[in-house]
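Since the structure comes first, as structure tokens, the remarks are kept for the end.
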Amino acid sequence: HWKIHLHCYSGNWRMAQAFLESFSNVFFGFTGLVTYCQSRGEEARHALSQIPLDRVLLETDAPYMVPADAKKSHKWCVPAMVLLIANEVAKVRDMDLNTLLHIVRHNTTAMYGV
């Protein structure tokens with residue numbers, strides 16, 4: 001089966017459900033969008049709270065999608081900001097950051113073999 005990485009996922013939970021039902025190897029990449037609590041950010045946060053953890057990937061979408069915590073001090077997103085995104089994902093999922101990072105590392109290996 002082909003593996004699918006839905007890059008910079010900004011869809012809602014209903015759309016995510018459709019992908020999960022249709023494709024057994026789909027992964028959802030979450031960016032700095034989940035650090036924002038308005039409109040599309042809120043929809044993505046809700047989807048993130050429902051999507052199985054073994055389907056979650058983290059990405060910065062650098063140089064775009066600067067996380068909310070860095071918006072005032074940075075014009076562009078950089079790869080190191082993935083930790084800000086991971087921290088927010090851990091909050092949304094109500095889990096320990098290190099546990100989340102371990103799971104996401106496993107998911108990255110499952111998706112890309114790295």
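Here the structure is a predicted model, which means the values were calculated and not measured.
In this structure, E42 CD and H46 NE2 are separated by 8.5 Å, a value rounded to the nearest 0.5 Å. Remark: L6 CG to M15 CE distance equals 9.5 Å, nearest 0.5 Å. A distance of 9.5 Å separates OG of S10 from CZ of F30, quoted to the nearest 0.5 Å.
Legend: residues meeting ring-ring contact (aromatic ring centres under 6.0 Å, His included) with Y112, ordered by chain and number and at least two apart, are H5. When the side chain to side chain contact (heavy atoms under 4.5 Å, CB included) test is applied to A70, the partners found at least two apart in sequence or on another chain are V66, H74, M81, L84. L83 is linked by a side chain to side chain contact (heavy atoms under 4.5 Å, CB included) to L101, counting only residues two or more places apart in sequence or in another chain. For A47, the side chain to side chain contact (heavy atoms under 4.5 Å, CB included) criterion is met by Y9, W13, I51, not counting sequence neighbours. Partners of P79 by side chain to side chain contact (heavy atoms under 4.5 Å, CB included), not counting sequence neighbours, listed by chain and number: A62.
A single hydrophobic cluster is seen to contain both I85 and L100, as judged by linkage of ILVMFWY side chains at heavy-atom distances under 4.5 Å, directly or through other members.
Within the structure, every pair that satisfies the salt bridge (charged side-chain N to carboxylate O under 4.0 Å, His left out) test and touches residues 71-93, not counting sequence neighbours, is listed here: R45-E88. A salt bridge (charged side-chain N to carboxylate O under 4.0 Å, His left out) check over residues 94-114, counting only residues at least two apart or in different chains, returns nothing. Each side chain to side chain donor-acceptor pair (under 3.5 Å) pair with one or both residues in residues 60-70, not counting sequence neighbours, appears once here: H7-D61.
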